[in-house]
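Note that the structure is predicted; figures quoted are calculated from it, not measured. When a ligand or atom number is given, it counts from 1 through the structure's own listing order.
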Amino acid sequence: MAGSDVVIVGGGIIGGACAYELARSGASVTLLERDELAAGASGRNIGFFGLPWDPVLDPMATSSLQMYLEVTADPPVPVHFDREPIGTLAVAIDEDDAAMVREEAAAAGRAGLRAERLDAAGLKELEPEVTADVSEAWLFHEGRRVDPGALTLALAELARRAGATIRHHLPGRRLLSRGETVTGVVTDDGVIECDTVVLAAGPWSTGLLRPLGIHIPVRGARGWLIQLAPPRPLLSHWVEGSARTLWRREVEPVTAREFSEGATRDDIGAVIQPSSDGTIVAGTSREPALAWSAEDLHVARAVAGCAIRLLPALADAPVLGTWAGIRPMSPDERPFIGWLRHGLFAATGHGSEGVILGGGTAVLVRAMVQGREPPLDPTPFDPLRFG
Ligand SMILES: Cc1cc2nc3c(=O)[nH]c(=O)nc-3n(C[C@H](O)[C@H](O)[C@H](O)COP(=O)(O)OP(=O)(O)OC[C@H]3O[C@@H](n4cnc5c(N)ncnc54)[C@H](O)[C@@H]3O)c2cc1C
């Protein structure tokens with residue numbers, strides 16, 4: 001098979017955005033996806049776009065916002081992306097949750113986001129269907145809805161129009177090396193030689209690195225979502241029940257003993273999206289992903305229970321479906337972006353914020369792969385920072 005300047009392994013939001021950014025700069029790009037595009041977490045997430053509260057991640061998210069606004073102004077396939085934030089209501093019922101919501105409000109304030117506390121009357125006026133059991137409520141002036149699967153497709157299609165070769169249902173089987181230099185990727189259709197492999201295979205990235213003796217601590221954390229069809233619109237804002245704090249907790253590995261004893265480690269928090277098509281998508285959870293295929297539905301049921309507790313009118317809404325995705329987590333909730341070896345570049349580990357960070361990641365990847373001045377300081381993202 002013919003060579004490319006760059007082969008990207010993984011057709012999720014990170015691989016799609018990198019293909020777009022590199023191809024439009026004139027690089028010859030091949031993107032390999034072993035399944036369909038956005039088959040991983042990128043097509044299976046709740047589509048929240050807001051600025052992160054980690055100031056180190058802010059410039060990357062701002063760069064994503066700029067890219068997504070441009071791409072979705074005239075997309076090659078239909079993509080929903082709110083031009084303006086619809087607002088996010090963070091609510092708490094229990095005292096523990098109230099402390100977390102206050103912590104969220106303080107973190108938002110430090111990140112320069114506007115947040116205002118609502119009293120019971122204010123909450124009722126803003127979102128009358130939210131339970132009256134809420135003890136504390138804050139309105140954050142942020143939170144757009146994005147269809148992340150469609151956005152991934154749009155980016156890949158724009159990359160194709162800029163000359164990239166998009167190969168789906170073609171796994172990268174192995175990375176090829178000559179000495180200490182990575183020189184290409186082995187596929188079922190033959191070897192693709194290249195100057196640079198960009199590894200964007202989400203939680204599966206580590207499997208390709210292991211044979212080269214490279215270890216980066218990316219762990220898979222499964223998250224469940226459930227889609228419901230209430231007979232009438234129930235919400236106009238995002239509603240969160242201490243979910244952001246859940247996102248910041250590290251996912252510990254399960255030991256063989258715990259596994260043999262059937263121990264589970266599920267964290268559940270509520271995030272509820274009023275979708276633009278009138279349905280409600282509710283999530284989410286966090287548990288170590290031990291098998292790539294979805295395990296049983298007990299976590300999805302708990303997610304539904306959590307959503308009903310916040311929005312009692314959901315109890316009678318028909319369930320349209322439930323699905324899970326696997327987040328590629330890093331220990332410090334910052335992605336791994338940078339050179340691993342000559343010819344091998346990492347772009348993974350985006351955890352719970354891969355869509356928020358995808359566009360900005362691609363801009364950074366393009367600059368670093370092409371040896372240009374990075375648009376932001378890449379040091380916090382060094383893929384070898386954990387040794
Ligand atoms: C329930 C849930 C809710 C979420 N909500 C949000 C949210 O609201 N906002 C947000 O920003 N983020 C959210 N996330 C996180 C976000 O989805 C991820 O951070 C992001 O999708 C990661 O993108 P990725 O491209 O790195 O990985 P993936 O989407 O997993 O893509 C990797 C791709 O690589 C492919 N692949 C693997 N191995 C190979 C191989 N050997 N050869 C070829 N292809 C290969 C896979 O098939 C996959 O398509 C959520 C995640 C979950 C699970």
Side-chain angles (χ1 to χ4, degrees), residues 7-19 30-52 57 60-61 64 68 88 143-149 151-152 155-156 167-175 185-188 192 197-209 218 220-226 238 240 243-244 246-247 269 271 273 281-287 289 292 294 299-300 303 322-330 333 335-337 346-362:
V7 173
I8 298 167
V9 181
I13 188 75
I14 304 301
C18 289
T30 300
L31 181 145
L32 298 178
E33 166 54 49
R34 67 174 178 193
D35 205 320
E36 58 201 39
L37 294 173
S42 301
R44 310 174 75 78
N45 77 58
I46 200 163
F48 178 87
F49 191 100
L51 291 183
L57 300 177
M60 197 178 270
S64 297
Y68 299 166
T88 303
R144 297 166 202 254
R145 295 161 300 178
V146 56
D147 177 343
L151 180 61
T152 303
L155 290 165
R167 299 291 310 267
H168 49 85
H169 296 94
L170 186 64
R173 294 280 187 185
R174 209 182 161 93
L175 302 179
V185 182
V186 180
T187 77
D188 293 353
I192 311 177
V197 173
V198 173
L199 190 56
W204 300 278
S205 301
T206 51
L208 284 165
L209 294 177
V218 178
R222 189 183 307 283
W224 282 91
L225 297 173
I226 175 165
W238 287 91
E240 280 185 6
R244 282 235 183 169
L246 164 81
W247 291 1
V271 188
Q273 188 208 110
V281 180
T284 178
S285 56
R286 199 179 249 212
E287 57 185 307
W292 296 127
V299 181
V303 166
T322 181
W323 61 89
I326 302 176
R327 308 172 182 92
M329 308 300 303
S330 72
E333 301 262 342
F336 296 113
I337 304 168
T348 187
H350 292 74
S352 294
E353 297 184 326
V355 183
I356 295 171
L357 301 175
T361 295

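Set against the non-hydrogen atoms of P171, the atoms of ligand 1 under 4.0 Å away are 42 (N), 43 (C). Residue G172 has at least one heavy-atom neighbour below 4.0 Å for each of these atoms of ligand 1: 40 (C), 41 (N), 42 (N), 43 (C). Shown in contact with L208 at under 4.0 Å from a heavy atom are these atoms of ligand 1, numbered in order with element: 41 (N). Counting atoms of ligand 1 from 1 in the listed order, those under 4.0 Å from a heavy atom of G10 are 33 (C), 34 (O), 35 (C), 44 (N). Against a heavy-atom cut-off of under 4.0 Å, V9 is close to the following atoms of ligand 1: 40 (C), 42 (N), 43 (C). Shown in contact with G325 at under 4.0 Å from a heavy atom are these atoms of ligand 1, numbered in order with element: 53 (C). Set against the non-hydrogen atoms of I356, the atoms of ligand 1 under 4.0 Å away are 11 (O). Close approach to G202 involves these atoms of ligand 1, each under 4.0 Å from a residue heavy atom: 26 (O), 27 (O), 32 (C).
Of the inter-residue distances, the one linking Q273 atom CD with R145 atom CZ reads 6.5 Å to the nearest 0.5 angstrom. Atoms OG1 and CG, from T206 and L199 in turn, are 9.0 Å apart once rounded to the nearest 0.5 Å. Here the OH atom belonging to Y68 is positioned 12.5 Å from the CZ atom belonging to R144, to the nearest 0.5 angstrom. Of the inter-residue distances, the one linking L57 atom CG with H350 atom NE2 reads 9.0 Å to the nearest 0.5 angstrom. Separating the CZ atom in R174 from the OG1 atom in T187 is a distance of 14.5 Å, to the nearest 0.5 Å. One finds the NE2 atom of H168 at 15.5 Å from the CZ atom of R34 (value rounded to the nearest 0.5 Å).
Ligand 1 has no nitrogen or oxygen under 3.5 angstrom from a nitrogen or oxygen of L170. Inclusion of R327 in the set of residues having an N or O under 3.5 Å from an N or O of ligand 1 is not warranted. Residue contacts with ligand 1: G223 is placed with no nitrogen or oxygen under 3.5 Å of a nitrogen or oxygen of the ligand (distance criterion only). Of the N or O atoms in V355, one or more lie within a sub-3.5 Å distance of an N or O in ligand 1. At under 3.5 Å, not a single nitrogen or oxygen of G15, backbone or side chain, sits near a nitrogen or oxygen of ligand 1. At least one N or O atom of S42 sits closer than 3.5 Å to an N or O atom of ligand 1. Taking any N or O of T348, backbone or side chain, none lies under 3.5 Å from an N or O belonging to ligand 1. Looking at A41 next to ligand 1, an N or O pair under 3.5 Å apart turns up. The shortest N or O to N or O distance between I14 and ligand 1 is below 3.5 Å. Looking at ligand 1, you won't find any N or O of P203 less than 3.5 Å from one of its N or O atoms.
The closest side-chain heavy-atom distance from D188 to R173 is below 4.5 Å. In this structure the side chain of L357 never reaches within 4.5 angstrom of the side chain of I14, judged on heavy atoms.
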R167 and E36: CA distance, side-chain angles, deciding distance, salt bridge (Lys or Arg N to Asp or Glu O under 4.0 Å) verdict: CA-CA 9 Å; R167 299 291 310 267; E36 58 201 39; over 6 Å; no

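Neither the backbone nor the side chain of A324 has any atom closer than 4.0 Å to an atom of ligand 1 (non-hydrogen atoms only). Residue contacts with ligand 1 for T284 involve side-chain atoms from C-beta outward but no N, CA, C or O (heavy atoms, distance under 4.0 Å). Both the backbone and the side chain of F48 come within 4.0 Å of ligand 1, counting heavy atoms alone. Contacts with ligand 1 closer than 4.0 Å are made by no heavy atom of L357, backbone or side chain.
A 6.0 Å sphere centred on NE2 of H169 holds more than 12 heavy atoms belonging to other residues, nucleotides or ligands.
Here the side chain of S64 pairs a donor or acceptor atom with the backbone of G360 at under 3.5 angstrom. S42 contributes a side-chain N or O that, together with a main-chain N or O of I13, makes up a donor-acceptor pair within less than 3.5 Å. A distance-only check finds a donor-acceptor pair linking the side chain of T348 to the backbone of G202 [under 3.5 Å].
A donor-acceptor pair shorter than 3.5 Å can be found between the side chains of T284 and R327.
Heavy-atom distances between S352 and ligand 1 reach below 4.0 Å in at least one pair.
Between L32, I46, N45, it is N45 that holds the heavy atom closest to atom 50 (C) of ligand 1. Across W204, W323, W238, W224, heavy-atom proximity to atom 38 (N) of ligand 1 is greatest for W204.
Geometrically, R286 does not engage W224 in a cation-pi contact defined by less than 6.0 Å to the ring centre and at most 45° from the axis.
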